[in-house]
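Lettering of chains follows the sequences in order, A, B, ..., and the numbering in each one begins at 1. Hydrogens, waters and symmetry mates play no part in the numbers below; they use all other heavy atoms, side chains included. Remember, it's a predicted structure, so these values are computed and weren't measured experimentally.
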Number of protein chains: 2
Amino acid sequence: MRRLMIKPELCKVDTALGIIVGKWKPTILLHLLVEDTLRFNALKRKIPDITQRMLTKQLRELEEEGLVSRTVYPVVPPKVEYTITPYGKKLEPILHAMHEWGKAHIERKSQPSTEE
Amino acid sequence: MRRLMIKPELCKVDTALGIIVGKWKPTILLHLLVEDTLRFNALKRKIPDITQRMLTKQLRELEEEGLVSRTVYPVVPPKVEYTITPYGKKLEPILHAMHEWGKAHIERKSQPSTEE
DNA sequence: TAAGTAAGTATCCTAAAGGGTACTGTTAGA
DNA sequence: TCTAACAGTACCCTTTAGGATACTTACTTA
C-alpha cells in the first residue's frame, strides 16, 4: 500500500499527457532541448520521416501550450526559428525519467525470465 | 543549451508513452497505486464514466505489459482481482511528476500574466 | 530562362482509438 | 418466480490522429 498518492480523481496526469502526447512531440522537444533553437527545415532534416504538414501541426500545438516559441524573420526566402521556452525546459526531467523507464521496459521484454 | 540530453534518435520516451497512454490507463493505475488490489466492479465504481468494455480493454493492455496482474477465483458469481505489480509501481514517480507538471500548467493558464 | 530555397497550406484519405448497447451464465436472496 | 450481482463478450458505429500529395510566394543563383 505504501506512501500516499495523489487522489486519482484530482490527478492531473491526463492534463500533462494531453500536452506531450503526439506522434512527433517528444522527438521535437528532445531536439530543441539539445539545440535550443532550430529552423523549420533544420528540424525537418533531423526528423526525416515527418512530413511538412505534421511538423507544422505539432509545432503549432507545442507553441499553443507555451513549450516552444516561434520567431519569424521577414526575409525571403522565409526564416522561422523555433526555440524551447524556459517553461518547456521544465519537462526535461519527466522526459528523462520516461526514457529510462522505456529503456528498462524494452530490456525486460527481451529477457522474459526477469521476475519483479 | 545546458546539461547533455539523451540522443533524440535513441530516445525511448515514445516506448514509455505507448504504454501509459490510453484514455483510462493513468486513472486505473492511480487507483491501483492507492488500493493495491481491486475487483473489476470496484474499479468500475471508482471510475463512473468508464464502460465495461473500455475497462476490460484497458486492463487487458495493462496486464499485457506487466503493470497489472489479474487473478480469477473460480466462484460464482465471478471474482476477479486486479493488482498492481512491483514493476507497475515503478511508474509512480513518473506519474507523480506528471501530475505536478499538469497542475502547474493549469495554474499557469489561469493566470496569463506569468512570464517564465 | 529555369530551377531551387524556405516555410508553409489545402485537400483528401486511412487507421486507430474510443464508445453504446445488448447479451451471456450461474447463483443467492426476496 | 423474479431480480440482482459479477465479470465479462459481440457487434457496430463515431471521432480523432495521422499521413500523402500537390500547391504557393518571393527572391537568388546558374
Side-chain angles (χ1 to χ4, degrees), chain A residues 13-32 35-65 67-84, chain B residues 8 11 13-32 35-65 67-84:
Chain A
V13 169
D14 287 336
T15 305
L17 283 175
I19 287 155
I20 59 177
V21 167
K23 178 94 171 271
W24 307 99
K25 282 181 197 170
T27 309
I28 293 170
L29 288 171
L30 289 164
H31 280 292
L32 290 175
E35 308 267 348
D36 219 82
T37 296
L38 284 167
R39 292 179 65 171
F40 185 87
N41 271 6
L43 259 172
K44 186 155 169 14
R45 276 187 293 270
K46 285 184 181 291
I47 313 174
D49 288 346
I50 200 171
T51 63
Q52 258 166 300
R53 181 184 180 279
M54 272 301 119
L55 183 52
T56 308
K57 268 194 74 176
Q58 305 274 296
L59 282 169
R60 289 289 188 284
E61 291 173 19
L62 292 171
E63 191 195 355
E64 178 85 11
E65 301 298 342
L67 305 183
V68 159
S69 73
R70 178 171 178 266
T71 312
V72 183
Y73 298 87
V75 294
V76 71
K79 175 175 174 181
V80 179
E81 280 182 351
Y82 291 91
T83 302
I84 188 145
Chain B
C11 188
V13 169
D14 287 335
T15 305
L17 282 175
I19 287 154
I20 59 176
V21 166
K23 177 94 171 270
W24 307 98
K25 282 181 196 169
T27 308
I28 293 170
L29 288 171
L30 289 164
H31 279 292
L32 290 175
E35 308 266 348
D36 219 80
T37 296
L38 283 167
R39 293 180 64 172
F40 185 86
N41 271 6
L43 259 173
K44 187 158 168 14
R45 276 188 292 271
K46 285 183 180 292
I47 313 174
D49 288 346
I50 201 171
T51 62
Q52 258 166 299
R53 182 183 180 280
M54 273 301 120
L55 183 52
T56 307
K57 268 195 75 177
Q58 305 274 295
L59 282 169
R60 289 288 186 286
E61 292 173 19
L62 292 171
E63 191 194 354
E64 178 85 9
E65 300 298 342
L67 305 183
V68 159
S69 73
R70 176 171 179 267
T71 312
V72 182
Y73 297 88
V75 295
V76 68
K79 174 173 173 181
V80 178
E81 281 183 350
Y82 292 91
T83 303
I84 188 143

Mind checking what makes side chain to side chain contact (heavy atoms under 4.5 Å, CB included) contact with [X], not counting sequence neighbours?
X       : value
B:Pro26 : A:Val13, A:Asp14, A:Leu17
A:Val76 : none
B:Pro8  : A:Leu30, A:His31, A:Val34

Query raised in the report: With sugar-phosphate meaning primed atoms plus P, OP1 and OP2, does A:Lys44 contact a base, only sugar-phosphate, or nothing at under 4.0 Å between heavy atoms?
Result: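 Answer is nothing: A:Lys44 stays at 4.0 Å or more from every strand.
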Query raised in the report: What does B:Tyr82 touch in the nucleic acid at a heavy-atom separation under 4.0 angstrom: a base, only the sugar-phosphate, or nothing?
Result: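 Sugar-phosphate, no base atom in range.
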Starting from [atom2] on [N], measure out to [atom1] on [X] and report it in whole angstrom.
X       : N      : atom1 : atom2 : result
B:Tyr73 : D:dA7  : OH    : P     : 12 Å
B:Leu59 : D:dC6  : CG    : P     : 16 Å
A:Leu55 : C:dA6  : CG    : P     : 14 Å
A:Glu81 : C:dA7  : CD    : P     : 9 Å
B:Arg70 : D:dC6  : CZ    : P     : 16 Å
B:Asp14 : D:dG18 : CG    : P     : 11 Å
B:Arg39 : D:dG8  : CZ    : P     : 10 Å
A:Ile47 : D:dG19 : CD1   : P     : 12 Å

Query raised in the report: Of the candidate nucleotides C:dA7, D:dA7, D:dT9, which contains the atom at the shortest distance from the side chain of B:Asn41?
Result: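 Nearest to the side-chain atoms of B:Asn41, counting from C-beta on, is D:dA7.
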Query raised in the report: Quick one: side-chain hydrogen bond (donor to acceptor under 3.5 Å, both in side chains) pairs with a partner in residues 50-60 of chain A, sequence neighbours left out?
Result: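 Only A:Arg60-A:Tyr82 qualify under side-chain hydrogen bond (donor to acceptor under 3.5 Å, both in side chains).
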Report task. Produce a footprint string for nucleotides 11-30 of chain C: one letter per nucleotide, 5' end first; B if the base is under 4.0 Å from any protein heavy atom, S if only the sugar-phosphate is, - if neither. Result -> B------SBB----BBS---
Requested in this report: Nearest 0.5 Å please: distance from the CD atom of B:Glu65 over to the CD1 atom of B:Ile20.
Outcome: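 One gets 11.5 Å once the value is rounded to the nearest 0.5 Å.
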Query raised in the report: How about B:Asp36 and B:Thr83: do any of their side-chain heavy atoms sit closer than 4.5 Å?
Result: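 Yes, close enough: below the 4.5 Å cut-off.
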**Report entry** Inter- and intrachain pairs under salt bridge (charged side-chain N to carboxylate O under 4.0 Å, His left out), touching residues 15-24 of chain A, at least two apart
**Finding:**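 Salt bridge (charged side-chain N to carboxylate O under 4.0 Å, His left out) check on residues 15-24 of chain A returns no pairs.
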Report task. Ignoring backbone atoms, establish whether B:Arg45 has a side-chain N or O less than 4.0 Å from OP1 or OP2 of D:dC6. Result ->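 Affirmative; the distance criterion is met.
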